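Labels below follow one simple rule: chain letters A, B, ... track the order of the sequence lines, proteins then strands, and each chain is numbered from 1. Model, not experiment: these values are computed from the prediction.
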Amino acid sequence: MANKISAVRGMRDFLPFQKRKRERVLQIIREVYQKHAFTEIETPVVEDYDILHSGLGGDNEKLSFSILKRGISDKPYTTEKLKAAELCDLGLRFDLTVPLARYYASNQAALPQVFRAVQIGPVWRAERPQQGRYRQFVQADIDIIGEFSMLAELELITATAAALNRLGLRDCVIRINDRRVLLSLLKHCGFNADDFNRVLITIDKLDKIGFAGVIEELVANEFAASAVAKLEPFLSGVAALPAGIPLTVAAIAEVMPEEVQNDALAELAELGDSLVSILPNGVTAEFDPTLVRGMGYYTGTIFEISHPGSGSSVGGGGRYDGMIGRFLGEQVPAVGFSIGFERIIDLVELPEDSAQEQKIALIADKDCAAPQQLVKLKSELLALGKQPHIVWRKKNMKPVFAYLAAEGFTEFANVNSALAAAELNIKTFETV
RNA sequence: GUGGCUAUAGCUCAGUCGGUAGAGCAUCGGCUUGUGGUGUCGAGGGUCGCGGGUUCAAGUCCCGUUAGCCACCCCA
């Protein structure tokens, strides 16, 4: 009976070879971030319902899994329609940023003034699953809390670029924008402030549905016609560009309306200037004035990583100076950058681990070898630094050898009468 | 949350115009082979995702439902 028992919707089991690859990729990410002076922390996967629903998570709040109050299931169900907030007091985290802000507010006294954190772990969203999109997935975040200056952005971008580079990913593009630029642009065009978010969502689709598609959607949504008309030349200008916009004063001035020139744009140019010489090969940074990002908590710079091998972004982040203040009452600046682990895992190709030459398969004959003798032999080999793996001889050894080869075994020995390690006739697999 | 496609053995899949289920691999056993990957004969294993309906008869047609994939919404 197929599919009767399976992992729950949108959540996955990992086979040994998948788990092995995931751990190796995570290990590389950890090493790079550690070298860049970020320290790893851990927070619970469950947070207070009110923390998760403080209006900072944007649409993700609606997608969060909530946890019923203890004891409530023992009470008789009523027909009264209760709100989730009355039935639930906890929830699974939908990202790592909101928990980090809570963590900082809880532990500020024990943390350095400028805190560089790595957080890697699963998060949950009740989305409809599809390729590259799951209800449980791993995020790998780095954040710098307590740094007002651009130093934070620069350190985050260079550390993330270094991690992508170490993973062998080429052709990564970090697209950068600033929330303040977007707001200034919309204000300049004369959009109603209440419409800002909806207008931004449409602008964000420029690279996907094109100039005509964006205008069509803006008109369909009945935003102020004069504002749409004023936005039009800017959008057509951006859409017509053959390649990305370099992060330079000149290039930025060329695409942005004059009235939108402000501090944020100057900072972006400065950022670009600093990045030019320090980004590794295979990672480039560019200005994308139509980059929006859905998370409501961003207040300044925002970034997203694109890779030709993935239809959607493989990472993203930005500055969220207001969030920690919500929990702490005192304004603390913060910037974060997240690698979309699930989306890079399929793009990454790692060379085989060279540390597998110690793996030896012991092919035991059921007639000649008893379990206690085999385990004794295994102990001897372990003491010699080997990694012994016992298998019974079967009628057809083809699947067994296929499995051993896939697991990276390079040596094997037949165990019949030879039961001391020294007596084994060790043979090697021919390289396939 | 919206729409489209799909669901048959442990795995990969076939099953024609509606007529009660098939293959390869895997598993188990006999014989063969004799320890570097055999050969051969045979066996077990299925409420055809689940629930309804049409029909003398449904894996096959219709409706619902669940799950997967794809496109939206949104996102990592």
Practice prompt. Report the secondary structure of RNA chain B in dot-bracket form, marking unpaired bases with a dot and bases paired to a different strand with |, and treating Watson-Crick or G-U pairs with both distances under 3.5 Å as paired.
Written response: (((((((..((((.....[..)))).(((((.......))))).....(((((..]....))))))))))))....
Fill in: Donor-acceptor pair (no angle test) under 3.5 Å: A/Arg128 side chain, B/G3 base
yes
Worksheet entry | Stacked cation flag A/Arg12 on A/Tyr134, 6.0 angstrom / 45 deg | yes
Worksheet item: Does NZ or CZ of A/Lys359 fall inside the cone over A/Phe409's six-membered ring, less than 6.0 Å from its centre and within 45° of the axis?
Response: yes
Worksheet item: Between atom CG in A/Leu15 and atom P in B/G10, what is the gap in whole Å?
Response: 17 Å
Worksheet item: To the nearest angstrom, how far is A/Lys427 atom NZ from B/U35 atom P?
Response: 8 Å
Would you indicate which nucleotide in [options] comes nearest to any side-chain atom of [X]?
| X | options | value |
| --- | --- | --- |
| A/Arg125 | B/C69, B/C70, B/A76 | B/A76 |
| A/Arg9 | B/C70, B/C75, B/G68 | B/G68 |
| A/Arg343 | B/A76, B/C74, B/G68 | B/A76 |
| A/Lys394 | B/U27, B/A71, B/C75 | B/U27 |

Discussion item. Between B/G22 and B/C31, how many Å separate the two C1' atoms, rounded to a whole number?
Written reply: 27 Å
Please list, for nucleotides 38-42 of chain B, all pairs of protein and nucleotide N/O atoms separated by less than 3.5 Å.
residue	atom	partner	partner atom	Å
B/U38	OP1	A/Asn396	OD1	3.1
B/U38	OP2	A/Asn396	OD1	2.4
B/U40	O4	A/Lys395	NZ	3.4

Discussion item. Let me spell it out: for each of A/Gly10 and A/Ser338, pick the nucleotide of RNA chain B with the closest heavy atom. Which residue's pick is nearer the 5' end?
Written reply: A/Gly10
Worksheet item: When you match A/Ile209 and A/Arg293 each to their closest nucleotide on RNA chain B, which lands nearer the 5' end?
Response: A/Ile209
Discussion item. My understanding is that only residues two or more places apart in sequence, or in another chain, count here; which of them pass ring-ring contact (aromatic ring centres under 6.0 Å, His included) with A/His188?
Written reply: none
